[in-house]
Structure formats: structure tokens, C-alpha cells
*Asks:* 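Mind looking over this structure? Questions follow.
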Amino acid sequence: MSRRDLSGAVDFSVLDRTTGGDDGVAEEVLGLFVQQAEMWSPMLDTRIEGWRDAVHTIRGAAAGIGAGALAEVCAQAETAEKEVAPARLDHVRDALNAALADVAAWRHELMLRSLKG
């Protein structure tokens with residue numbers, strides 16, 4: 001994967017502003033995002049107590065890297081009534097997967113740039 005594989009799920013200009021364009025810091029922030037996703041995504045199920053906490057945490061992490069669509073669907077899921085929450089969580093999982101794909105592509109690009117020196 002490389003930058004050409006980006007879907008637009010993440011606006012990396014947000015990350016660039018946050019990190020001051022420092023590739024090392026960007027890599028660290030993206031790595032933390034991936035860790036948060038791995039830790040919290042198994043809780044995206046209304047049968048699990050604390051699923052709203054998981055959505056809230058993912059929402060904050062998404063906003064921090066520029067994954068606006070993910071942050072938005074998290075906000076909708078976080079406040080959803082119980083009967084519509086499962087469908088909203090499906091949207092969260094879909095948006096999270098799209099953001100993770102863009103993050104993987106961006107991290108690949110960062111790795112390639114670091115190899116070029």
C-alpha cells in the first residue's frame with residue numbers, strides 16, 4: 001500500500017497540522033490510533049457493557065488524526081437508542097475499517113520516505 005491507495009477516510013492534513021509535519025511523530029500518532037482500534041473494536045457490540053465507552057474513545061482518536069467520517073458515526077452511535085445502536089455500530093465498524101486502510105497506506109508511504117533518507 002502507498003499513498004495512491006488512500007480512500008479519503010482520513011484527512012491527513014489534520015495529522016500534519018497536529019504533528020507539525022514531523023514524519024516520526026506522525027508515525028507514532030498513527031501507531032497509537034491503530035492500537036486504540038485494536039483494543040476497543042472488540043467492544044463494538046451492544047451486548048458488551050462499556051460499548052459506549054469504546055465508541056467514545058474511538059471517536060476521540062479518530063478526530064485526532066482527521067478521520068472525520070469515523071468521528072461522526074461514532075458520535076451518532078454513542079447517543080443512539082438501544083434499538084438502533086447495533087446498526088449504528090455496524091457503521092462505526094465500516095468507517096473504522098476504511099480509516100485503518102488509509103492509515104496503513106499512509107504509514108507505508110512514511111516508511112518508504114524514511115528509506116529514501
*Asks:* Would you say Met43 ends up clustered with Val55 if hydrophobic residues are merged whenever their side chains have heavy atoms under 4.5 Å apart, either directly or through other cluster members?
*Replies:* yes

*Asks:* Identify the heavy atoms of Ala85 and Trp51 that sit nearest to each other, and give their distance.
*Replies:* CB-CH2, 3.7 Å

*Asks:* Do other residues, nucleotides or ligands put more than 12 heavy atoms under 6.0 Å from the CD atom of Glu49?
*Replies:* no

*Asks:* Ignoring hydrogens, what is the shortest heavy-atom contact between Ala98 and Ser7? Give both atom names and the distance.
*Replies:* O-OG, 4.3 Å

*Asks:* Indicate yes or no for a side-chain donor-acceptor contact from Arg93 to the backbone of Arg88 under 3.5 Å, with no hydrogens or angles considered.
*Replies:* no

*Asks:* With sequence neighbours excluded, what pairs up with Ala75 under the side chain to side chain contact (heavy atoms under 4.5 Å, CB included) test?
*Replies:* Arg59

*Asks:* Could you give the side-chain donor-acceptor pairs of residues 66-73 under 3.5 Å, partners two or more places apart or in another chain?
*Replies:*
unit_1: Glu72; atom_1: OE2; unit_2: Gln76; atom_2: NE2; d: 3.1

*Asks:* Can you measure from CG (Asp16) to CD1 (Ile65) and round to the nearest 0.5 angstrom?
*Replies:* 12.0 Å

*Asks:* Any side-chain to backbone donor/acceptor pair from Asp102 onto Val10? Under 3.5 Å, distance only.
*Replies:* yes

*Asks:* Between Ile58 and Leu44, is any pair of side-chain heavy atoms under 4.5 Å apart?
*Replies:* yes

*Asks:* With the side chain counted from C-beta on, respond yes when Leu15 and Trp106 share a heavy-atom pair under 4.5 Å apart, and no when they do not.
*Replies:* yes

*Asks:* I need the Asp23 CG to Glu109 CD distance, nearest 0.5 Å.
*Replies:* 9.5 Å

*Asks:* In residues 24-36, what donor-acceptor pairs under 3.5 Å come from side-chain atoms, sequence neighbours left out?
*Replies:*
unit_1: Glu27; atom_1: OE1; unit_2: Arg107; atom_2: NE; d: 3.2
unit_1: Glu27; atom_1: OE2; unit_2: Arg107; atom_2: NE; d: 3.0
unit_1: Glu27; atom_1: OE2; unit_2: Arg107; atom_2: NH2; d: 2.5
unit_1: Gln36; atom_1: OE1; unit_2: Trp40; atom_2: NE1; d: 3.1

*Asks:* Please find the pair of heavy atoms, one from Ala63 and one from Val14, that lie closest to each other, and give the distance.
*Replies:* O-CG1, 4.0 Å

*Asks:* Can you measure from NE2 (His56) to OG1 (Thr79) and round to the nearest 0.5 angstrom?
*Replies:* 12.5 Å

*Asks:* Given Leu96 and Ser41, is the side chain to side chain contact (heavy atoms under 4.5 Å, CB included) satisfied, shown in steps?
*Replies:* CA-CA 9 Å; Leu96 179 59; Ser41 63; 3.8 Å; yes

*Asks:* Could you walk me through whether Leu6 and Phe12 satisfy the side chain to side chain contact (heavy atoms under 4.5 Å, CB included) test, starting with their C-alpha distance in whole Å, then the side-chain angles of each, then the deciding distance to 0.1 Å, before giving a yes or no?
*Replies:* CA-CA 10 Å; Leu6 296 177; Phe12 288 99; 3.7 Å; yes

*Asks:* What heavy-atom pair brings Val92 and Ala77 nearest, and what distance separates the two atoms?
*Replies:* CG2-CB, 3.8 Å

